Structure formats: structure tokens, C-alpha cells
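See below for the structure under consideration.
Each chain gets a letter, A, B and so on, in the order the sequences are listed, and its residues count up from 1. Note that the coordinates shown come from a computational prediction; the quantities given were computed from them, not determined experimentally.
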Protein chains: 2
Amino acid sequence: MIYSSELIKGTLKTIVLKLLKTNKRMYGYEITQMVKSLTMDKIQITEGALYPTLHALESEGLVITETEYIGKRVRKYYSLSSDGAKRTEEKVNELADFMNTIKFLLDLEPKTN
Amino acid sequence: MIYSSELIKGTLKTIVLKLLKTNKRMYGYEITQMVKSLTMDKIQITEGALYPTLHALESEGLVITETEYIGKRVRKYYSLSSDGAKRTEEKVNELADFMNTIKFLLDLEPKTN
DNA sequence: GTGTTATACATAAGAAAATTATGTATATTT
DNA sequence: AAATATACATAATTTTCTTATGTATAACAC
């Protein structure tokens with residue numbers, strides 16, 4: 001099963017921040033592959049979604065970047081700024097809380113009748 | 001805390017379907033109030049989001065409607081069609097599964113260093 | 001050695017789904 | 001009588017994604 005795409009909406013930024021917190025330093029393509037493998041292919045982040053998100057995080061000052069060359073190929077590493085670390089904490093807590101709220105709603109018992 | 005609005009995205013349809021399954025028959029305004037109270041004000045469904053969603057569910061054939069008058073004021077009740085009941089089952093399962101996947105990602109241990 | 005797949009970035013056009021704003025109207029509370 | 005709550009609806013805008021496209025290098029298979 002691959003989740004229908006609308007579910008990912010709203011969670012992508014938080015997931016990216018959390019991965020950067022967990023792994024300290026990652027590049028874009030690596031993020032897509034890690035999410036794919038960690039979720040057993042159920043979440044596939046497209047490049048069209050990821051790169052604009054990373055650029056947004058950068059322009060918000062939440063991540064810092066370093067460009068490296070692997071042979072002739074460019075690779076752009078992202079890591080959290082201190083603002084980003086704070087923000088990650090907040091967003092992860094909010095999302096975790098939200099998950100519990102949704103779970104509660106989904107577990108409501110139908111009226112017996 | 002009120003969840004930042006982007007989190008609701010993608011879950012609204014499923015939440016509405018689930019509430020209709022739980023309560024059999026609801027009208028729009030009632031849905032907004034019930035979600036608000038069940039979540040202790042953390043999720044506030046706006047009318048601009050809800051009504052188009054309900055109309056979409058109707059045009060997809062997942063819900064059926066009955067209009068009633070309370071005094072002179074109109075009230076439109078929604079309930080699941082049999083297609084809607086099936087679809088609700090699927091979407092609730094998908095969302096529950098998705099929640100677990102996200103929870104797993106959010107619980108990853110940071111690299112020790 | 002050449003064709004395919006994988007790696008790695010980026011952006012633009014379009015679609016989907018919400019927010020915000022606005023509109024209409026009745027009912028209830030202060 | 002005014003303010004708030006109930007109850008519907010839709011339009012303009014914004015946000016955020018998908019899909020498509022583009023560029024380029026590296027690795028693998030045959």
C-alpha cells in the first residue's frame with residue numbers, strides 16, 4: 001500500500017526536520033530514499049515536493065547547507081540551525097499530539113442501534 | 001493549542017466519514033461543533049472547508065442527504081450510503097496505518113554522537 | 001562501448017484542498 | 001435592541017502538493 005498523496009500534505013516539513021535531527025546531516029536524495037526504506041515504500045517523497053520544501057526551510061533559517069562534490073556531481077547537505085532544532089521540537093510535538101487526537105477520533109465507538 | 005491548519009489537510013474527509021459512521025446522521029454545523037468538543041478545541045473545522053467537502057462526498061455518492069426545517073431554518077442531514085460505509089472503512093484503515101507510520105518516524109532515535 | 005538505471009540537483013505548470021472573506025437568514029441570549 | 005449562535009452557501013486566494021520537464025554524472029549490465 002502506498003498512502004494516498006493527500007495524507008502526506010502537512011506532514012512533510014516536520015518529517016524532514018525530524019530526519020535531520022535524527023541524522024544530523026543529510027542531502028535531498030538521501031532523504032527521499034531513507035523515508036522510502038523506513039516506511040517500506042509506503043511514503044514516497046517526490047523531488048518536486050522535497051526540494052521546494054528544503055529551499056523553504058533554508059529561507060526560513062531553519063536549516064543550513066553545505067555543498068560538496070562527489071566526483072563531478074554536486075551534493076547539497078542540510079543540517080538544522082539552532083532555530084531549526086527548536087522548531088523541530090515544537091513541530092514534532094505538535095504532530096505527535098495531532099496523531100493522538102486523530103487516533104482518538106478514529107477509535108470512537110459507533111452508536112449501538 | 002490549536003493545530004496549525006496544514007495538519008488537517010488530507011484528513012478532513014476521513015474524519016467526516018468516520019463521524020457519520022459513528023453517529024449515523026449529522027448536519028454540517030453539528031459536525032464542526034462535535035469535532036471541536038471531542039478534540040477540546042484543538043481541531044476547528046471551518047465552514048469554508050466543511051461544506052465543499054460534504055458536497056464532494058455527496059457528488060461521489062458516499063453520503064445521502066435529507067433536508068429538514070427547524071422552524072424556518074433549513075438543516076441538511078448527511079448519512080453514509082452503502083458505498084460510503086465501505087469507503088469509510090478503507091479510509092479509516094489507511095489513516096490509522098498512516099498515523100502509525102508517522103509515529104514510527106517521529107520516534108526514531110537521534111544518532112548518538 | 002553503449003544503453004539503461006541510479007544518483008542528484010532544480011523549477012515550472014497545473015491541481016487539490018484548504019483559508020479567508022463574504023453573503024444570507026433565523027433563533028437565542030443579554 | 002444588540003450581540004451572539006445557529007445554519008447554510010460560495011468565491012477569491014493561498015498553500016502545498018503532483019506531474020512534467022530539464023540538466024548532468026555515475027554505475028551497471030550486456
- Message: Minimum heavy-atom separation for Leu19(A) and Met26(A), please, with both atom names.
- Response: O-SD, 3.8 Å

- Considering all heavy atoms of both residues, which atom of Thr88(A) and which atom of Leu17(A) are nearest to each other, and what is their separation?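 Here Thr88(A) and Leu17(A) meet closest at OG1-CB, 3.5 Å.
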
- Message: Let me check something: do Leu50(A) and Ile64(A) share a hydrophobic cluster, defined by ILVMFWY side-chain heavy atoms less than 4.5 Å apart, either directly or through other members?
- Response: no

- Message: Checking Thr32(B) against Glu47(B): is there a side-chain donor and acceptor pair closer than 3.5 Å?
- Response: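 Short answer, no.
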
- Message: Under a 3.5 Å cutoff, is there a donor and acceptor pairing between the side chains of Glu58(A) and Thr65(A)?
- Response: yes

- Message: Going by the rule ring-ring contact (aromatic ring centres under 6.0 Å, His included), which residues pair with Tyr3(B) if we only count those two or more places apart in sequence or in a different chain?
- Response: Phe98(A)

- Item | Qualifying residues under ring-ring contact (aromatic ring centres under 6.0 Å, His included), relative to Tyr27(B), sequence neighbours excluded |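 For Tyr27(B), the residues satisfying ring-ring contact (aromatic ring centres under 6.0 Å, His included) (neighbours in sequence not counted) are Tyr77(B).
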
Expected output: side-chain [X] to main-chain [Y] donor-acceptor under 3.5 Å:
{"X": "Asp97(B)", "Y": "Asn93(B)", "result": "no"}
{"X": "Lys103(B)", "Y": "Asn100(A)", "result": "no"}
{"X": "Lys76(B)", "Y": "Thr67(B)", "result": "no"}
{"X": "Glu94(A)", "Y": "Ser4(B)", "result": "yes"}

- Message: At a heavy-atom distance below 4.0 Å, what parts of residues 95-104 of chain A sit against DNA chain C?
- Response: none

- Tell me which residues in residues 83-90 of chain A put a heavy atom below 4.0 Å from DNA chain C, sorted by number, or none.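 DNA chain C contact set from residues 83-90 of chain A: none.
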
- Salt-bridge test for Lys91(A) and Glu6(B): reply yes if a basic N is under 4.0 Å from a carboxylate O, no otherwise.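 Yes, this pair counts.
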
- List, by chain and number, the other hydrophobic cluster members for Tyr69(A), where Ile, Leu, Val, Met, Phe, Trp and Tyr join if side-chain heavy atoms come within less than 4.5 Å, directly or indirectly.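 So far as hydrophobic clustering goes, Tyr69(A) is joined with Val74(A).
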
- Whole Å only: how far is the CG atom of Leu50(B) from the P atom of dA11(D)? 17 Å

- For Glu60(A), all residues meeting side chain to side chain donor-acceptor pair (under 3.5 Å), sequence neighbours excluded: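 Glu60(A) satisfies side chain to side chain donor-acceptor pair (under 3.5 Å) with Lys13(A) only.
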
Selection: [range], any non-hydrogen atom under 4.0 Å of DNA chain D:
{"range": "residues 7-20 of chain A", "result": "Lys9(A), Gly10(A), Leu12(A)"}
{"range": "residues 37-48 of chain A", "result": "Thr46(A), Gly48(A)"}
{"range": "residues 53-75 of chain A", "result": "Thr53(A), Gly71(A), Lys72(A), Arg73(A)"}

- Task: Could you list where the contact with chain B starts and ends along DNA chain C, reading 5' to 3', using a 4.0 Å heavy-atom cut-off?
- Result: dA18(C) to dA27(C)

- Item | Set of residues satisfying salt bridge (charged side-chain N to carboxylate O under 4.0 Å, His left out) with respect to Arg87(B), sequence neighbours excluded |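 With sequence neighbours excluded, Arg87(B) shows a salt bridge (charged side-chain N to carboxylate O under 4.0 Å, His left out) to Glu90(B), given in chain and number order.
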
- Query: Who are the salt bridge (charged side-chain N to carboxylate O under 4.0 Å, His left out) partners of Glu30(B), not counting sequence neighbours?
  - Reply: none

- Could you walk me through whether Val16(A) and Val63(A) pass the side chain to side chain contact (heavy atoms under 4.5 Å, CB included) check? CA-CA 10 Å; Val16(A) 168; Val63(A) 298; over 6 Å; no

